[in-house]
Amino acid sequence: MISLTEQLHTHYEFAMAIGTSLDLKVMLRKSISTFLRKMNCQAGGVHFLKQNDNGQQRFEQVFSIPRDTSRIKEYQAALKELCVEFDDRQLTAFKSTLPLHRQEWPDKHFYIVDLPEIGILILLKNGNKLDPLFIKSLEPLFSKLATACRACIQNEELLRHRDNLEDLVLEKSRELITRNQQLIEKINERRKAEERFRLAAEATSDLIYEWNIHDDMLQWFGDIDVALGYEPGEFDHNITAWVERIHPDDLARLSDAVERNRTSREPISYEYQIQRKDGSLRYWSDYGVPVLGEGGRPFKWIGVCKDITKSKRVEQELRESEERYRSLFTNEIDSISIFEADTRKIVDVNDAFLTLYGYTREEALQLTTDAISAEPEKTQKAIKHSTQIGSVFIQGRHHRKKDGTEIYVDLSAGPFTWKGRTLMFAIIRNVTERKKVEEERERLIVDLQKALDEIITLRGFIPICSSCKKIRDDQGYWHQVEEYIRDHSQAEFTHSICQSCAEKLYPEITIKKDNV
Amino acid sequence: MIIKVDYTGSVQGFQSLLKDVTNDEKVKGLLVLACDENGFTPDTMDGILKGISLPLFGGIFPQIIHGKQKLPKGTIVAGLTRKIDVYLVPHLSDKTVDFNDVIDGLIPQIGDAKTMFVLVDGYSQRISSLIDSLFNIFGLELNYIGGGAGSINPNKLNMTQTPCLFTNNGLAKDSAILAMMDIQSGVGVSHGWDHKLSGPHKVTESEGNAIKSLDWKPAFDVYKEVVEKHSGRTFTADNFFEIAKGYPLGITKLESERIVRDPFTVDENNCLIVATEIPQESFVDIVTGDLDSLVGAAKKAYSDSIEDFADGDERSIIFMDCISRVLFLGDNFSKEIDAVCIGDTPLIGALSLGEIANCGKDYLELYNKTSVVGVLGD
């Protein structure tokens with residue numbers, strides 16, 4: 001028989017063992033071990049009521065001492081009192097039987113007590129059975145144990161939520177740290193880039209600027225003072241100072257642009273003349289992009305000004321040169337055609353060409369060289385040859401005019417590259433008249449030659465007798481010199497006597513003279 | 001069980017015992033009980049123990065028991081003829097260790113084991129936690145028998161932790177040995193400290209094994225008042241244990257014998273220092289006993305063990321008795337041995353620092369000032 005004092009002390013120790021821990025495992029380990037120790041039980045376990053998906057309820061063991069109750073036959077006997085699944089009615093009926101006591105074997109008892117709203121507690125005891133009144137007196141403590149279990153479960157849920165929250169905070173913190181690191185890296189990269197940018201700006205003649213719209217200040221990277229011929233710091237770094245240096249021809253356009261760019265988000269690209277302090281003009285190109293702030297409005301512009309004076313001048317010279325060459329091309333008395341080397345399509349001709357061939361410009365630009373050549377095969381071969389060896393001079397080639405008239409031309413042709421295309425030029429000179437003259441001359445020459453051919457001439461070796469001076473003809477007959485010459489030339493002889501022969505033959509009448 | 005005794009307590013004697021016992025082919029494991037006075041140290045023992053191929057376990061106790069003899073010096077080597085598995089649980093004072101996990105890892109299955117010897121370093125701080133873990137994991141599927149090893153100087157109460165557990169790797173301290181064997185056993189536990197002097201007193205403040213206050217009064221003051229009144233003696237600076245050994249604290253268990261806790265000193269804050277921790281908010285009685293009740297308890301323990309021994313063919317008896325009972329009984333302790341050493345059944349045992357036992361019916365407990373009798377079928 002348990003005394004009232006013992007009961008009270010036991011209640012107190014139970015209550016203290018349940019304690020205030022919010023860790024379910026810790027709380028159950030302490031409280032159940034105290035229950036078992038104080039009541040000298042061999043085993044005990046807590047089973048929570050769980051609801052299945054189908055709405056049925058069943059008891060699940062959440063804690064026991066010892067942990068493995070499967071080999072304790074008394075405990076398994078106690079579990080048989082629990083249906084696999086309870087509906088509400090069955091559960092109510094079962095709970096109405098609690099606290100339940102069974103004695104399946106001699107000196108071996110099990111008890112099932114209610115843990116209100118959470119589950120049941122199973123206790124196994126050897127020896128004497130516990131006083132039912134004492135078990136009844138423990139009900140408030142079992143309620144306390146149930147309350148403690150619920151508190152622990154709620155705490156676990158709270159901890160889970162907290163953990164989730166902590167995980168979330170941790171995750172967000174990690175994200176923030178990562179972003180922060182990325183930002184720091186970006187800032188560092190930007191600083192390095194700015195430093196590189198500054199060094200690059202200083203190292204080049206280009207001027208980079210930042211125009212802060214709100215105060216119209218212009219920050220220049222690069223030596224603006226040198227660029228405009230000012231002393232260091234003399235040139236004000238604001239938009240007004242810059243506008244004042246714009247050439248009057250460009251001022252209106254640039255002033256409008258300044259106002260427009262206070263709200264525009266489109267990149268800008270301008271060329272203008274700017275006046276240095278000494279009055280000389282420089283051409284600048286200006287390319288800028290806006291830096292957008294809240295609402296997508298630009299709060300600053302970053303741009304680069306490049307001195308393009310040299311290139312402008314070169315461009316101008318080029319233009320003038322081109323004009324000159326265009327004039328030459330146009331005014332050249334020889335015909336000039338430009339055509340594609342591969343297709344032989346004519347892409348440009350001068351006026352002389354049009355005059356010579358009788359085409360309009362539009363018609364000419366529809367032609368190939370084959371159309372103007374009376375010897376297309378030769379022309380094609382010559383073009384191919386020229387593309388391989390360079391410029392060629394071709395003398396005497398028949399071309400055909402629009403009206404079908406053939407003309408005779410000399411031409412110089414050669415390849416050149418223009419904008420990636422292989423073109424050829426042909427300078428064509430109409431030599432038809434000259435050809436005619438030359439042909440006439442040739443004809444005269446031929447005639448002359450014929451005439452000459454008709455003149456009998458003596459030539460070659462003439463066999464002559466050393467003594468009598470007769471000459472042997474081709475048939476072997478010997479002739480007097482006079483006879484031979486008369487027969488083989490158009491020469492006629494008149495007879496006379498030389499001084500020496502006269503002296504020799506006619507010494508008596510000969511007058512000594514040097515010559516006759 | 002083959003039992004050999006060396007009364008010299010020498011290392012050579014121990015080696016000789018080991019040789020004798022291990023020469024028997026039937027022997028499959030060794031239980032060693034040695035006296036503190038032997039002076040065994042790791043230096044002298046580790047080499048010898050590492051040379052033993054058979055599973056070995058045991059302890060160094062203040063005194064050992066062989067038959068009806070209480071030996072202050074000497075060694076007993078018992079050869080067990082059934083297979084045993086020995087496990088060492090280290091760091092028994094480490095508050096961070098979860099012994100459930102440790103034991104789970106060491107012993108996944110108990111297999112055919114029926115009895116577990118549990119020997120602990122009696123000065124470790126968390127013996128109760130180990131006991132709770134054993135019960136949590138194995139429940140009452142096994143019979144447990146064992147106790148706390150270690151040295152004690154009853155005159156000086158000089159309680160220092162020294163290597164006191166025999167293992168195949170040498171002497172160990174601050175550890176527990178769990179030796180599982182498929183030997184049938186019966187266990188009886190009783191103490192005889194039945195006479196309640198006062199209580200229940202609420203342990204209003206405690207920390208570990210220090211009881212600070214009882215009923216919100218300094219613990220020693222409450223204890224002193226009751227004990228001095230009953231004993232007619234007065235506590236002085238030097239005689240606390242001399243008086244207190246007869247007045248343990250009892251923790252009530254419903255319909256069962258109290259668990260007693262042995263106060264062995266008082267600290268400078270008038271805290272009662274007991275051998276095993278007493279939880280705060282529990283209730284204790286101040287109890288006492290006498291020769292008859294203690295010897296009667298030993299008898300009961302013996303008879304309970306015989307009753308619990310299902311086999312009915314006991315081959316040996318293990319008697320683990322608390323050293324403080326010897327200190328209390330003095331020369332009358334022989335009567336306690338006589339109470340359990342009956343007939344021809346060989347008996348060996350030790351005077352221990354705390355006892356561990358369970359006969360398969362009660363909640364597993366760590367006892368003080370208690371007689372534990374284990375009957376073995378080996």
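By convention in this document, chain letters (A, B, ...) are assigned in the order of the sequence lines, proteins followed by strands, and residues within each chain are numbered from 1.
The list of side-chain hydrogen bond (donor to acceptor under 3.5 Å, both in side chains) pairs with a residue in residues 205-219 of chain B, not counting sequence neighbours, reads B/H201-B/D215, B/T204-B/S213, B/E205-B/S213, B/E207-B/K212.
With a 4.5 angstrom heavy-atom cutoff, B/E365 touches chain A only via side-chain atoms. Contact annotation for B/E141: only side-chain heavy atoms (C-beta onward) come within less than 4.5 Å of a heavy atom of chain A.
Per-residue heavy-atom pair counts under 4.5 Å with chain B were compared for A/I65, A/T34, A/N40, and the maximum is reached by A/N40. Per-residue heavy-atom pair counts under 4.5 Å with chain B were compared for A/R67, A/M16, A/M39, A/R29, and the maximum is reached by A/R67. Interface check for chain A: of the options B/I137, B/L364, B/I259, B/I251, the most heavy-atom pairs under 4.5 Å are formed by B/I137.
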Worked verdict on B/D112 versus B/K114 for salt bridge (Lys or Arg N to Asp or Glu O under 4.0 Å): CA-CA 6 Å; B/D112 297 327; B/K114 298 180 182 69; over 6 Å; no
B/I127 and B/E277: side chain to side chain contact (heavy atoms under 4.5 Å, CB included), yes or no, with the steps? CA-CA 9 Å; B/I127 300 170; B/E277 65 187 87; over 6 Å; no
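Ring geometry for A/F14 against A/F35 counts as parallel: the plane angle stays under 30°, on a 0 to 90° scale with 60° as the upper cut.
Scanning both residues, B/A219 and B/L272, for their nearest heavy atoms gives O-CD1, 4.0 Å. B/H191 approaches B/L294 most closely through the heavy-atom pair O-CG, 3.7 Å.
Partners of A/H109 under the side-chain contact (heavy atoms from CB on, under 4.5 Å) rule, at least two apart in sequence or in another chain, are A/H101, A/Q103, A/Y111, A/K129. Considering only residues two or more places apart in sequence or on other chains, B/A298 meets the side-chain contact (heavy atoms from CB on, under 4.5 Å) condition with B/E336, B/A339, B/V340, B/S371.
Interface with chain A: from residues 128-136 of chain B, residues B/D132, B/F135, B/N136 qualify, criterion being any non-hydrogen pair under 4.5 Å.
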